[in-house]
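Some notes on the structure that comes next.
This one's a predicted model, so the numbers in the text were calculated from it and none came from an experiment. Each chain gets a letter, A, B and so on, in the order its sequence line appears, and its residues count up from 1.
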Amino acid sequence: MSPDANKLSPYRVPKRWEGSRVPGWDDPVDLTKEPAPIPDPATTTVPAELRAEIEALITKYPDSRSASIPALKAAQKHHGWLPPEAIEQVACVMRLTPAYLIAVASFYDMLDLHSGSYTRSRVYVCTNITCSLRGGRELLKSLEGELGDLADIELRGFECLGACDIAPMASVDGVYVGPIEGDDVATLATQIRQGDEPLPDKQLLKRRSADPGANSAEVAS
Amino acid sequence: MSTYLIFKDIDEPGLHKLETYRARGGYKNLEKVLAMPPEALVNDLKESGLRGRGGAGFSMGMKASFIPQGQMDKYLVCNADESEPGTFKDRELMQKSPHMLIEGMIMAAHAAGANRSFIFIRGEYEQQADILDAAIAEAYEAGLLGNNIAGTNFSLEMVVHRGAGAYICGEETGLLDALEGKRGNPRLKPPFPANQGLYQGPTLINNVETLATIPHIVEMGAQEYAKLGVEKSSGTKLISISGNVKRPGNYEIELGISSREIIYGLAGGPPDGETVKLWFPGGSSSPVLTEADLDLPYDFTSLADAGSMLGSGAIIVVDSSNSVVDVCLWLAEFYRHESCGKCTPCREGTNWTVKMLERIQNGLATPMDLDIMASIQEQIIGNCLCVLGDAMAMPVGSMIAKFRPEFEAHIEQARAQNPYAGEDDAPELAVLQGAVV
Amino acid sequence: MPRPEVKTISFTIDGREVQAPENMMLVDAAKLGDVEIPVFCYEPKLGAPVGACRMCLVEIEGIPKLQTGCSTPVKDGMVVNTQNERVQQAQEAIVEFLLINHPLDCPVCDKGGECPLQDISFGWGNGRSRFVEPKRHFEKPLALSPLIAIDRERCILCYRCVRFSQEVSEDYQLIFTERGAHTFVGTFDGHPYVAPFSGNIIELCPVGALTSQAYRFRARPWDIEQSGSVCTLCPGQCNVSYTVRDERVQRVLARQNDGVDDGWLCDKGRFAYQSIHVDERITKPMVRDGDELRETTWERALEEATNIFKRSKGSIGALAGRDSTNEDGYMIAALMRDALDSNNMDARARDASTMAETAARLDPALQASVTDIEYAHTVLLLGVEPVDEAPIIDLRIRKGVRRNRVNLIVATARPSSLDANAKLVARFAPGEEAHFVNSLIGGDSEVLAALKDGGEDVVIVYGERLLADPQGTAALLALADELGLRDRDGAGLLGIPAFTNTRGLTEVSFHPFHGDGLNTAQMRDAGLDALWLHGVDPLTELPDGAAWDKALGAAAVVAHARFLTDGVRAHAKVVFPLEAGAEKEGTVTHFDGRLQRVRSSIKHPDEVKPGWWVFSEIGKRLGHEFGVFASPMVSAEIFGRLPYYEGITLDTIGGTGVRWTEREQAASWPKGEVQAPQATTAMPAANGKLRLGTYRSVWAAPEVNASPALRFLTPDTKVELSPVDAERLKLVHGQRALVNGTEAKVVLRDAVPEGSAFIESNAVSDGLAEVKPA
Ligand SMILES: Cc1cc2nc3c(=O)[nH]c(=O)nc-3n(C[C@H](O)[C@H](O)[C@H](O)COP(=O)(O)O)c2cc1C
Ligand code: SF4
Ligand code: FES
């Protein structure tokens, strides 16, 4: 924050100063493109496994649209993120417009329309109140320092992940680990880098209840 | 000595398996319940005094009784979105004892006359969802789900629906839209879900813990259950306690015990040398309480009378080493991020509040801004489509009201540190924060 | 689905007792007591309220929280306050919230002066903002399509535009993306929002976020006048309001008429006004001089034309198209019959039915209305594509299905854009419409069962394709009788004709079989000496363009035209400049029997003359005196002459029209006799060829091509094939192919049945076609 005479006062932000950080907000449409209705199966190729997976998901619901979030997740798994082709494929199988699907996808934090690349691992670090009270924000900074060079890892601060009992914590591809303290940070970074199981001793699934009065006498420990 | 229902055998190895759950008495009363007329079950639920464990604390039995009678597609939806900061009780329950939830859901579906049910679980709980899926598969295998459950003529389908990361999907109508494959924007009420919910059909929506409590009510009898806890807050409750305490985690308590007992007795209180500065009694959406309120009995009525609420039963303790301004900003940032954007006061109010708090942090505010901020909160409360907006405005408003001197001191201090305050040229950071949405 | 009955209740608002229909939304009911509750997101045309903007909060006694007036149905005895301090505080709060990020660029905003946000801020805001943070500032305006610009700073996220796309036109291309304060209106991956009805979102936007590229910065609200009329570009006849500045149409807005358009317009109707004021427009009479048409005087042009007519007496045919009013048709018919000894006149493209058949088919007892579509039990769509042929009907059908669960049955050769809304879809080969209907009658098909099982109120929406077959009318009437549609309220037939006013022209006896004339197809093949074209170019607008090219070449052609379209340019001997829709005065008749007034909103340019003047002048020269000196005189004569119009005047038609078929006098409509249909046969097997159907998209119109804003929509010739046929013929998507010698772009569509192909062109005829790589 060094003084800089060219920097502008917040009270005089000029037009188009730096735009929005919301992708798409500053973009016009591409007038050379055709409109995008429901993709025609005759001209859209959908990978067979993905099609089968989405079709199976649809059968779980009375209304096929209900499968849109699971179907988008399936496509994200298949493509590593949700590029326009992935959206078109889901749209083709579900008989929805691609726009419908990006409206849905962009609403949810776990669906990735913007990363622009295949993502090997998704690491969410909780930065909500409880974790912040116990060092969550510092944890995120340290992990960013350790893993910042990896383009195929999505590392981001996340809202409360529902594991404040192990704060500060992170979710590594859905595996909750914490509390992440001291050396754990470096260890975890290495494990993520190498694709190993994250902090096996600190995984949430292995924790016993905190309540000392819980569990009747017969319960084995 | 407290009574344990949900957590009685919670760490039994293999409890997530049908066999172990059965050995511990699970599904014992299912046939009996399915043989009861639904109205009788609804009456029992009313009589038990069970109040919703998801946040609003509405009588479970009453809600079930609102479901219209008659032949039509009705639905039961379990709200396992659990995204309220500080809340993590449903997670432990589902992951360790999924069959308790399934059993409760079968009973609730019978009460509501629903033949299709969904568990809407937040997308981040991938491991828990896998466990539920496996348990449901076991239940289907054992004839506990599907057609003609346990030889009766009651049938129930159950599907785990995984969300994809949005707090607002915990709001019951946002959840329904998400389950219908849309953006999880809350709907206008009325119509209430009990009349027009999922796919326009009557829908009963309850929290995981609420539903998992039903088998225990059946087991011990509604009247016995009603004796647990205190008046208007019957039964036991899972409490998630977190933040600056020595032993964060889930505890099963009987409603009505003192809050001090929970925070100090069970969770060990703040680290040595620190005191409780403020605490959220029922998740981050509840107005904050202070050390002076520690002796409040932990039940619906007492907390409401003290100007706060029991909410989801999640206590977040903030000790004296923390700045209230930080906590306030973290909180507001969360609600800004999670506001669905549908209605004006919440979308704009959360955004404005964050910007003002950032300005306070950057030393560009004056104490007058606190009045404006407090007034913004008042302008949000009661004017939104759902209560997410209120959920920010209430705690933020309470923090300003209860910690105004600290806010003012912080403002002065930040101004003193900011070489640009009052000048035309301000730090880049403020420009960036200000210019962005 | 029967229309709901409403009972009247009384409630109290701001201390005043007010009567209102029960369950009317409070904001509407309040108006009955002269109380205005401000709204942004509420727009009943869009369906159920969303309650998003919160502007309409009111206090209802007995309910602790403030309630949204837009979503609260009014009940008997309700006590409502909209002006006490509590409500005022809420209103001021909402205005303040809405304005924190709204730029204060009103002075340069197109909406300024007619902006609900301005009005409401002024009326219900408290005039100050405490927001000192920087407002958001982004790139603007941005293109949303060639027709629409978007200014995201100004958007207040009221949901109107996206609800239109999702719940009215159902194209689902315009959406909200992202969440919370980041939410913005957008499309998928930078695709433009181009759809037949996209322009409606401009009118829906309560702020200046969506503006018309064509209207931006053309005028301020105090520079303009609004003038109501009817769009004459297609049979839909939507009611419009022209925005006029200095005798130029600057914009077209919808003028809601629930019996016609529900307050929507298609983009052709909304933007083709540009074609009124372009250089290509013909504004002076012209005569042929060798290969060229040269401008000349009226005197000379009238002389030439009358000479042609006199020479060709008895061997002359007249065709009237989109631009012809009842008055035009009436006068041409009079000249043809009385002065030129000919009954050869037609305003239909394919319909070949006789006068008796036409009369029987248009019998008021069988006539359904546009609103009936919305409340019918079942709608059968028969050989017609509404979105191309009368776009506004497409929206009405969608509305019925969506809101009232109307059962839609689509029976078309070409896959329809309404297939996805249909309960049942039946496909047949192109040209087999009549055979399809014939084979339903008395049978046990799934379609017939569906028609009968849904309920008695069935509306059959059909097009001219069915009537091209000699058995078409008979089959249609037999089906109507089998379903018991005669004399049934809320049920009946609704025929979408080829041109805007085909129905009206028929009623004023511009019909070949009012005598023993030739119909359109017969005129084409009869080798007539002269052809008189009023607002139609058969080469581009009628099927079998190639045959028409020959017929026009062989005849002396007199054309009333606005543009030098191919047929006019190549063959006309005399061209009279034709008025544009906004210049015309007269009446037209909607295909559901509604007489509507077309009113002149701007002056004629240069030497363009009104129709009645031109026909009077021709009459004078042919020895036929009309004795009229204004269009209303012609209208009055028509109303006086035709018994089924008796008592109608221009005043009774007024702004919303009169359905003459509903009046008592309708009984004097001639009864037509039609025999039971004879056996029909299926189309012969294709033997390696494809069964070709032609179609014309909504954008195939000279006005589209002449409007700079719309020109990009002018269709390219394309041929739709099923993937199976394409593979057999070794054709891939996007490739050029020859279809019976005409070049077209190959478009693969999964829904095209194997063996059929569809070409967007009039150059090729329906029938068997050979398709091969170009
Ligand atoms: C913004 C918001 C978030 C909510 N999140 C949850 C949640 O994560 N889990 C939950 O059970 N209830 C949540 N609720 C409460 C639900 O709307 C609903 O009241 C509850 O699911 C009803 O179940 P119960 O009666 O069993 O408590 C939330 C409410 C709001 C307004
Ligand atoms: S209060 Fe917030 S979350 Fe709820 S509807 Fe309004 S914008 Fe959406
Ligand atoms: S008009 Fe009622 S909420 Fe927008």
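The only member of B:Glu124, B:Glu333, B:His337 that meets side-chain contact (heavy atoms from CB on, under 4.5 Å) when paired with A:Glu159 is B:His337. Residue A:Leu133 forms a side-chain contact (heavy atoms from CB on, under 4.5 Å) with just one option from B:Asp326, B:Asp319, B:Ile316, and that option is B:Ile316.
Distance check, rounded to the nearest 0.5 Å: CZ of B:Arg183 to CD1 of A:Ile69 gives 11.0 Å.
Interface remark: of the candidates A:Leu96, A:Asp173, A:Leu205, A:Leu205 forms the most heavy-atom pairs closer than 4.5 Å to chain B. Residue with the most contacts toward chain A among B:Asn250, B:Ile6, B:Leu266, B:Val318: B:Asn250 (heavy-atom pairs, distance under 4.5 Å). In terms of heavy-atom pairs under 4.5 angstrom with chain A, the leader among B:Asn244, B:Thr87, B:Val327 is B:Asn244. Contacts with chain B were tallied for A:Cys126, A:Ser68, A:Ala67, A:Ser132; A:Ser132 has the most, counting heavy-atom pairs under 4.5 Å. Ranked by heavy-atom pairs shorter than 4.5 Å toward chain A, the options B:Lys96, B:Arg122, B:Lys89, B:Arg247 are led by B:Arg122. In terms of non-hydrogen atom pairs under 4.5 Å with chain B, the most contact-rich of A:Lys60, A:Met110, A:Arg134, A:Met94 is A:Met110. Contact count against chain A (heavy-atom pairs under 4.5 Å) is highest for B:Tyr251 among B:Phe7, B:Tyr251, B:Tyr167. Chosen from A:Pro62, A:Cys160, A:Gly174, A:Cys131, the residue pairing most often with chain B at heavy-atom distances under 4.5 Å is A:Pro62. When the candidates B:Glu157, B:Glu84, B:Glu82, B:Glu126 are compared by the number of heavy-atom contacts under 4.5 Å with chain A, B:Glu126 comes out ahead. The candidate with the highest count of non-hydrogen atom pairs below 4.5 Å against chain A, out of B:Gln128, B:Lys182, B:Arg162, is B:Lys182.
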Steps toward side chain to side chain contact (heavy atoms under 4.5 Å, CB included) verdict (A:Ser209, B:Glu252) = CA-CA 10 Å; A:Ser209 166; B:Glu252 183 168 3; over 6 Å; no
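Residue contact with chain A, scored on non-hydrogen atoms closer than 4.5 Å, involves the side chain of B:Ser284 exclusively. Residue contact with chain B, scored on non-hydrogen atoms closer than 4.5 Å, is absent for A:Ile166. No part of A:Ala167 comes within reach of chain B, as not one of its non-hydrogen atoms sits under 4.5 angstrom from that chain. Both the backbone and the side chain of A:Ile129 come within contact range of chain B, judged by heavy atoms closer than 4.5 Å. Heavy-atom distances place the side chain of A:Tyr100, and not its backbone, under 4.5 Å from chain B. The contact between A:Ala103 and chain B is made by backbone and side chain atoms together, counting heavy-atom distances below 4.5 Å. Within the 4.5 angstrom heavy-atom criterion, atoms from both the backbone and the side chain of B:Ala178 approach chain A. When heavy atoms are compared at a cutoff of 4.5 Å, A:Pro70 approaches chain B solely by way of its side chain, counted from C-beta outward. Contacts of A:Asn128 with chain B are made by side-chain atoms alone, with heavy-atom separations under 4.5 Å and no backbone atom involved. Contacts between B:Tyr199 and chain A at a heavy-atom distance below 4.5 Å involve the side chain alone, from C-beta outward. At a 4.5 Å heavy-atom cutoff, the contact between B:Asn322 and chain A is made by side-chain atoms alone.
The minimum heavy-atom distance between B:Ala166 and A:Phe107, with the atom names listed, is CB-CE2, 4.0 Å. Taking each heavy atom of B:Gly86 and A:Thr130 in turn, the nearest pair found is CA-OG1, 4.2 Å. Heavy-atom minimum distance, B:Cys169 versus A:Tyr108: SG-CE2, 3.6 Å. What you find for A:Arg207 and B:Asp11 is that their closest heavy atoms are O-OD1, 4.3 Å.
Listed for the A:Asp165 side chain is no donor-acceptor partner under 3.5 Å among the backbone atoms of B:Pro248. The backbone N or O of B:Gly163 lies less than 3.5 Å from a partner atom in the side chain of A:Lys73, making a donor-acceptor pair.
Between A:Asp109 and B:Glu338 there is a side-chain heavy-atom pair separated by less than 4.5 Å. The closest side-chain heavy-atom distance from B:Gln127 to A:Leu204 is not below 4.5 Å.
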